Number of protein chains: 2
Amino acid sequence: MNIGQASTGSGVSAKMIRYYESIGLMPAAGRTQSGYRVYSDRDVHLLRFVRRARDLGFALEDIRLLLGLWQDDARPSAAVKDIALKHIGELTRKIAELQAMKRSLQHLAEACHGDARPDCPILDDLSGLDDAAGEAGSAACCR
Amino acid sequence: MNIGQASTGSGVSAKMIRYYESIGLMPAAGRTQSGYRVYSDRDVHLLRFVRRARDLGFALEDIRLLLGLWQDDARPSAAVKDIALKHIGELTRKIAELQAMKRSLQHLAEACHGDARPDCPILDDLSGLDDAAGEAGSAACCR
DNA sequence: TCTTGACCTTCCCATAATGGGAAGCCTTAT
DNA sequence: ATAAGGCTTCCCATTATGGGAAGGTCAAGA
């Protein structure tokens, strides 16, 4: 099958399939005499694996490890779980970071009239007017 | 003051200060005869503004708008609030996305023994064995 | 005055993962 | 035979940041 079919069948764009090959995440595909890449059902299966892992937010380097374990019948499941737990940790950290931003920003936005007048607690906070008064909207209160 | 002092005083690296100048986020700094950039307290204030906005997760293009509003005494606070609300929306979306990943992955990790044996629900899920049984750990159940 | 170390300059490269697009070859159906 | 659509490679862009090299500058001490 051609790269287009492999793409449709796996949900990975042809561009990305070539890229994964170029960085050695995928084995180099076979070629027709005219140079077209040729894929098997097994390749599509592998691509789907990569796509699912991407959907779970794994970095390509982690996926490289996961693929290695997947294809190793003697893998200890602990090795897989380690990678997953590490990733969960990263997700947790990132979520907390974004939530802190959101919280600060929400306080500021609530304090902002949002009308035609120019005074704006959001800009005041960004200006560093934390020092001014004890306004509840300061981002500093949430960091 | 030199770029090093401006960096220390603002918490923005010298590298980034030059970058912000190159993309027009900062006005071009004055120069000494020998070519060193020269900064004023006002510049440091501006840099601090940028840094705080970055800390809140604003993209540089949004910060460009915020800086424009900051320096416009006739700005309507609604314009600022719009930018903030839009960003809150993006944060909310991103947080939800990461949380969905985390939830799926946590289910899978809980179902994984994490020992020396090779069988692993995480790999099973990535392999597309959703089709197999009604395992609670499937990522599909959370998407 | 000379040296030395710390600081500055510009320029190029790298990151992570993805998409856009051009120029040109291949295949297939009409 | 010709057109359409698929494939190839190659280059560029994204976002924000850092690393590092090669070379100029400044300040302080010997």
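All values reported here derive from a predicted model rather than from experimental measurement. Chain A is the first sequence line, chain B the second, and so forth, proteins listed ahead of strands; every chain is numbered from 1.
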For residues 30-52 of chain B, which residue pairs qualify under ring-ring contact (aromatic ring centres under 6.0 Å, His included), counting only residues two or more places apart or in two chains? B:His45-B:Trp70, B:Phe49-B:Trp70

Closest heavy-atom contact between [X] and [Y]?
X       : Y        : value
B:Ile17 : B:Ser10  : CD1-OG, 4.4 Å
A:Ala84 : B:Leu105 : O-CD2, 4.1 Å
B:Ile83 : B:Leu65  : CD1-CB, 3.7 Å

Pairwise distance [atom1]([X]) to [atom2]([Y]) - rounded to 0.5 angstrom:
X       : Y        : atom1 : atom2 : answer
B:Gln5  : B:Asp43  : CD    : CG    : 13.0 Å
A:Leu46 : A:Arg51  : CG    : CZ    : 14.0 Å
A:Ile88 : B:Glu110 : CD1   : CD    : 8.0 Å

Pair B:Asp115, A:Ser77: side-chain N/O donor-acceptor within cut-off below 3.5 Å: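 Looking only at side-chain atoms, A:Ser77 and B:Asp115 do form a donor-acceptor pair, the distance falling under 3.5 Å.
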
Going by distance alone, is a donor N or O of one side chain under 3.5 Å from an acceptor N or O of the other, for A:Asp124 and A:Ser127? no

Whether B:Arg64 and B:Glu61 form a salt bridge (side-chain N of Lys/Arg under 4.0 Å from carboxylate O of Asp/Glu) is what I want to check. yes

Apply side-chain contact (heavy atoms from CB on, under 4.5 Å) to A:Met16 and list each qualifying residue two or more places apart in sequence or on a separate chain.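 Expected list: A:Val12, A:Ser13, A:Tyr19, A:Tyr20.
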
Could you tell me whether A:Arg31 atom CZ has more than 12 heavy atoms of other residues or ligands within 6.0 Å of it?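 Yes.
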
So what does B:Phe58 touch, heavy atoms closer than 4.0 Å: a base, only the sugar-phosphate, or nothing?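 If one applies the 4.0 Å heavy-atom cut-off, B:Phe58 turns out to touch nothing in the nucleic acid.
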
What are the residues of residues 9-18 of chain B, sorted by number, that bring a heavy atom to within less than 4.0 Å of DNA chain D? B:Ser13, B:Lys15, B:Met16

Chain A on DNA chain D: first and last contacting nucleotide, 5' to 3', under 4.0 Å to a heavy atom? D:dG6 to D:dT9

Provide, to the nearest angstrom, the distance between the CG atom belonging to A:Leu60 and the P atom belonging to C:dT15.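 That distance rounds to 13 Å.
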
Using five pairs at either end of the helix from C:dT1-D:dA30 to C:dT30-D:dA1, determine the angle between the two local helix axes and round it to 10 degrees. 30°

Toward the 5' end of DNA chain D, which comes first, B:Arg54 or A:Gln5, by nearest nucleotide?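 The residue closer to the strand's 5' end, by nearest nucleotide, is A:Gln5.
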
Please tell me if the side chains of A:Glu21 and A:Arg37 come closer than 4.5 Å, counting only heavy atoms from C-beta onward.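 Sidechains of A:Arg37 and A:Glu21: in contact.
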
Using a heavy-atom distance cut-off of less than 4.0 Å, which residues of residues 30-38 of chain A contact DNA chain C?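 Only A:Ser34, A:Tyr36 qualify.
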
